[in-house]
Each structure stands twice: as C-alpha cells, then as structure tokens.
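Notes for the one structure printed next.
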Amino acid sequence: YLPRYVQYTLMYHLQWKIMQGEIPTGVLTKEEINEYYKLLFQLTSQFDDEIILEQKKLPIEYKVFLLRKKYEMYPSVSYCNQDIGLYFKNSYVTNCCNHKLLIEFLKFQDENIIVEGYGVYIPFSEFHDVQIYCLLNDNLILCEKIKRTEKEKRLNGELVLGVVGFQVTIPVNCLTEEENKISFYMDIDELLVKKGKLSWGPFSPVTAQYQNQYYVNKSWIVLAQEDCIKISKVRKFTVALKEVRFISELLTSKKRGDQKAGLARMAYRFLKFFKNKELWLVSDRVNKADDNGEAFFLYLQSKKNINSYFVISQESTDYTRMRRLGNVLPYFSFKHKLKYLLSDKLISSHADGFTFNPFAGYDAPYRDIIVDKKIIFLQHGITKDDISGWLNRYNKNLSVFVTAAKAEYCSILTIPSYYYSREQVKLTGFPRYDRLKDKRKKIITIMPTWRKYLMKSLDASTGIWNLSED
C-alpha cells in the first residue's frame, strides 16, 4: 500500500503525461507505446479513488478513464430528472448535464436561424448512440449530426471523451412574436439529458459573460443565458436601451479592459453614423508588408467606393513606404481598434487572429459587432500539406479561402476536416502574381523555407517567431 502523500505526489506528476493524449508519431514504437501505457495504468490503479478524483488540473473525463482502467469496467449509471449520474463502486463521480455543449455559430441566413456546435460525453459503455436535440419553446427538433473526431480525446486508441457535432436550422416563421427559448438536449442510448450550462465559442455573437450583452439581426434580438438562448422581436427603443445597459455594465465592471470597452463601444456607435462607404482593412505580417496583402492593397487604391487601410507596425521598415501608397493604420493603435470595429472586411495573407484582430484574446465585449465581419485569407504560399487542424472553419471561420493551384483547391474542398465549401474556397491565384514580369534568365535561385519545428514560440505583439535553442 502506498502512503496517501506518495499517491498524491505521483498522481500530480502523472496527470500531465495522461493529458498529453496520443504520443506523437516516431517517438516510440508501437510495442513501446503499449508497454508505456501498461505501466502507467498499473501504477495509477494502485491509487485510491479519491486521490484520482481530487486532482484539480485533471479533467473529469480522464479521471473516469483511469477508474475504468483500475476496475476494468465502465461506470454504472443512474438516470433521474433528465440527467445521467456516473458511479464506481457506488461512489458518485460525475453527472452528464454539465458536460460541455458549445455554441460555435449562430447566424441568420435566408429567413432561417442556423445554430452549430458540438456536445461532449463520457463513455459508459463500449458503444453509444448519441443525438443532439434542440428544444424551441415546446417543440423538440432533432439536429443534424456532424462528425467532429478532431475534438475527441483518446489514450492509446481508447476513447476518453466522445464528441458529437450538430447543426440545426430553425425557420424564422417558427418563432413567436414574444420571447423564444432555445435549449439543448443530448440523447445517449435513449436517455435524454438536458444540458444545464451552455458554452460559447469565439465566433458566437454573444457570450454568457455579461448580463446585458446582446446581438441584433434586423428584426430579432439574441440573448445568451446560462442554459439557453433567448430570441425575441425587436421593439421600439429596445436596441438603444440594451446598448445603454450594456455600456453601463462595462463602465462599472472591475474586469480588466471592460471600462475601455465601454468607451470604445460609445465611440463606435457615434462614428458609425458618419460611415458612408465600405471599410476594408488589409494586412500581411504585423511587422512586414511585401506579400499578397500589399499587392491587393495596391489594387484597391483604384476603387473609390471603398475606404481601404493597410495595417502594419510603426516599427516596421515597410511602414513609411506603405504610407506613400495609401492609408496606413499603426498596428494595435487606438485608431486601428476603432477602424477594426467599423470595418466590413478583413483581408490578410496570414490567418493568425492577432494579425487582423487587435482585440484577439479579449473580444468578448465586442462579439455582436465583429461576428458578421468577412475574413478573406489571401495566403502567402500554396498549401501543400493537410493543415486542417489549424485552418479549419471551426478554428478560423474564413469567409473566403484563396488558392492558387488546382490540386491545392481540390485538397481544401475534399479533406473533410477543413469543413469549407465551394462558397468559401476560391481558385483565383495570388494577388502578388499580378506583379510578376516575364524577364527570363538562366539563374538558379535557392530559397530556404520556414519550418515550425525550428521555432520555440511566437511573440503576438511583434509577429516574430523565437528560435528554439536546440
């Protein structure tokens, strides 16, 4: 028997190895991986249940998985009040109602409301039949199931956390004139579980962080509640009253940045009255131009019906040169932030959020303003490999994905994990190709390319990667 303090110390250190997930390819052989996990689970099986459950950094799905390996069985189940409780040896472990259900997109399109996201579940048998339902007032609607295996968690091939993606389309004419309530249920093997707490993704128009946050689309107003979405008809003065209350909440908040956000929203509402043209923000890297963004920006100078700005750091050697070509915004300046809120399209050769979003990491108070902006990804080179884990729609939500080769175009459309359609992916060639001149010479050019494995970290404030010491 291991003393409790030894168990706790070992479990604290082992949790990080457990959360690592699948071991990267090439590190160990298949036999070595199997032996590694065999020894790992033999050790954790010697720990008391409460030692495993008390780990504050270890997600509940991994705790259940370790108990599964310890007892060589799935948890027992208790179903009551539209919830599933999971137990080991008659000891309560967790319930399913509070397991994450994330709203990733909520948009109004062609007289419909489309809600998209995913729900998670902890396996309590070898196979599960899982469905997501949407309850609109008193009407239960079966959601379309979307495969989201990239969100699953596995250890040595075994499922730790299951994920079910969903999409539901609700015709606007199904809404009542009064308040409409949308909640979600997960059906696991015909056991219906009401999701008690909704989470909100970075591309959702609202969050539950603020009491008075809202989103307006034409004649409908959307509110986020802890366990549901509320949608109601816009009444006279409703929007103005909501905005006053939200700004007041921000100005009196103690959260970092909220008071500045309240002032920024006031400035945005005032300046919006004077906006008479589309506003497009164009960029390449934070600290450098001379890519597809610059080429496209030069083209825009002939378009008098569009206000266009190039965004670049004032510290960049290209800053002065770009000012001679057109309007320039110093990256991360107050003016940049205001123009960002007022903008219609964000066009960049790079897809990192901080490149075009000066509020990246803190944009919750502006969700209703920025959610409908169009993001056009010009790319800065042809995509050869499958990088859907980074550029997929749920991670970047690109409105237009520009490609320059037919094989590249086809790969983006045919690899399912990108989740883009022909509406978003375009085969146009790169803007910088328009600047090429045919001056052929017999010259061999050697151009070393960038490799992520040589880098340690990215400085978001400068856009510069730090080299690995290795």
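Close placement of the Phe65 and Phe41 rings is indicated, their centers lying within 6.0 Å of each other. Ring to ring, Phe124 and Tyr74 are not that close: their centroids are 6.0 angstrom or more apart. Between Tyr121 and His99, a ring centre-to-centre spacing not shorter than 6.0 Å is recorded.
In this structure, Ser399 contributes its side chain and Ile375 its backbone to a donor-acceptor pair below 3.5 Å. Using modelled atom types, no side-chain atom of Lys153 and backbone atom of Tyr62 make a donor-acceptor pair closer than 3.5 Å. Side chain of Gln15 to main chain of Leu58: a donor-acceptor pair is present (N/O by atom type, distance under 3.5 Å, no hydrogens or angles). With hydrogens and angles disregarded, no donor-acceptor distance shorter than 3.5 Å links the side chain of Asn112 to the backbone of Ile114. In this structure a side-chain-to-backbone donor-acceptor pair under 3.5 Å is present from Asn180 to Glu178. At distances below 3.5 Å, not a single donor-acceptor pair connects side-chain atoms of Asn95 with backbone N or O atoms of Ile84. Remark: the backbone N or O of Arg256 is paired with a side-chain donor or acceptor of Tyr362 at under 3.5 angstrom. The backbone N or O of Trp16 sits nowhere less than 3.5 Å from a side-chain atom of Gln20 that would complete a donor-acceptor pair. Put simply, the side chain of Tyr79 gets close to the backbone of Leu192: a donor and an acceptor are under 3.5 Å apart. The backbone N or O of Gly157 lies less than 3.5 Å from a partner atom in the side chain of Glu22, making a donor-acceptor pair.
Relative orientation of the Trp280 and Phe296 rings is parallel, given thresholds of 30° and 60° on the angle between their planes. Classification of the Phe88-Tyr71 ring pair by plane angle, with boundaries at 30° and 60°, yields parallel.
Across His336 and Leu281, no two heavy atoms sit closer than the pair CD2-CD1, 4.4 Å. Pairing each heavy atom of Pro123 with each of Val160, the nearest pair is CD-O, 3.3 Å. For the residue pair Arg154 and Leu159, the shortest heavy atom distance occurs at NH1-N, 3.7 Å.
Judged by a 6.0 Å distance limit and a 45° cone about the ring axis, Lys255 is positioned over the six-membered ring of Tyr210. Cation-pi geometry between Arg148 and Tyr419 is satisfied (NZ or CZ under 6.0 Å from the ring centre, within 45° of the ring normal). Taking the centre and axis of the six-membered ring of Phe332, the NZ or CZ atom of Lys337 falls inside the cone set by 45° and 6.0 Å.
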Start with the C-alpha gap between Val222 and Trp220, add the side-chain angles, then the distance that decides, and say whether side chain to side chain contact (heavy atoms under 4.5 Å, CB included) holds.
CA-CA 7 Å; Val222 179; Trp220 297 97; 5.5 Å; no

For side chain to side chain contact (heavy atoms under 4.5 Å, CB included), just list the numbers for Cys134 and Ile170, CA-CA rounded to whole Å, side-chain angles, deciding distance to a tenth of an Å, and then say yes or no.
CA-CA 10 Å; Cys134 161; Ile170 302 171; 4.0 Å; yes

Would Glu243 and Tyr214 satisfy side-chain hydrogen bond (donor to acceptor under 3.5 Å, both in side chains), going step by step from the backbone distance to the final call?
CA-CA 8 Å; Glu243 182 66 13; Tyr214 68 98; 2.4 Å; yes

Go through the steps for Asp344 and Lys275 under the test side chain to side chain contact (heavy atoms under 4.5 Å, CB included), then give the verdict.
CA-CA 11 Å; Asp344 301 285; Lys275 184 181 172 185; 2.9 Å; yes

Using the rule given for side chain to side chain contact (heavy atoms under 4.5 Å, CB included), can you reason through Leu135 versus Ile141, listing the C-alpha separation, both sets of side-chain angles and the distance that settles it, and then say yes or no?
CA-CA 6 Å; Leu135 182 68; Ile141 305 168; over 6 Å; no

Given the rule in the ring-ring contact (aromatic ring centres under 6.0 Å, His included) test, do Tyr366 and Tyr340 qualify, once you have shown the distances and angles that lead to the verdict?
CA-CA 11 Å; Tyr366 311 103; Tyr340 171 77; 8.3 Å; no

side-chain hydrogen bond (donor to acceptor under 3.5 Å, both in side chains) between Gln424 and Ser421, worked out
CA-CA 6 Å; Gln424 289 104 20; Ser421 68; 3.1 Å; yes

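Heavy atoms of other residues, nucleotides or ligands lying less than 6.0 angstrom from CZ of Phe334 number 12 at most. For Glu111, the CD atom sits in a loose shell: 12 or fewer heavy atoms of surrounding residues, nucleotides or ligands are nearer than 6.0 Å. In this structure, Lys147 places its NZ atom where only 12 or fewer heavy-atom neighbours from other residues, nucleotides or ligands lie under 6.0 Å away. The environment of CD in Glu54 is crowded: more than 12 heavy-atom neighbours from other residues, nucleotides or ligands sit within 6.0 Å. More than 12 heavy atoms of other residues, nucleotides or ligands sit less than 6.0 Å from atom NZ of Lys426. Counting heavy atoms of neighbouring residues, nucleotides and ligands inside a 6.0 Å radius, atom OH of Tyr12 does not exceed 12 of them. Residue Tyr299 places its OH atom among 12 or fewer non-hydrogen atoms of other residues, nucleotides or ligands, all under 6.0 Å distant. Atom NZ of Lys277 has more than 12 heavy atoms from other residues, nucleotides or ligands within 6.0 Å.
Put simply, the side chain of Val400 does not reach to within 4.5 Å of the side chain of Lys374, judged on heavy atoms. Within the 4.5 Å cutoff, the side chain of Phe356 has no heavy atoms near those of the Val311 side chain. In this structure, the side chains of Tyr331 and Ile312 stay at 4.5 Å or more apart for every pair of heavy atoms.
Taken from CG in Leu398 to CG in Leu346, the straight-line distance is 11.0 Å, to the nearest 0.5 Å. Atoms OG and CG, from Ser78 and Leu191 in turn, are 10.0 Å apart once rounded to the nearest 0.5 Å. From Ser343, atom OG reaches atom CG of Leu338 across 11.0 Å, with rounding to the nearest 0.5 Å.
Salt bridge annotation for Glu278-Lys303: absent, with no cationic side-chain nitrogen under 4.0 angstrom from a carboxylate oxygen. A salt bridge links Arg269 with Asp368; the closest basic N to acidic carboxylate O contact falls under 4.0 Å.
For the residue pair Asp284/Ser349, the side-chain donor-acceptor check at 3.5 Å is satisfied. Between the side chains of Tyr394 and Glu116, at least one donor N or O lies within less than 3.5 Å of an accepting N or O.
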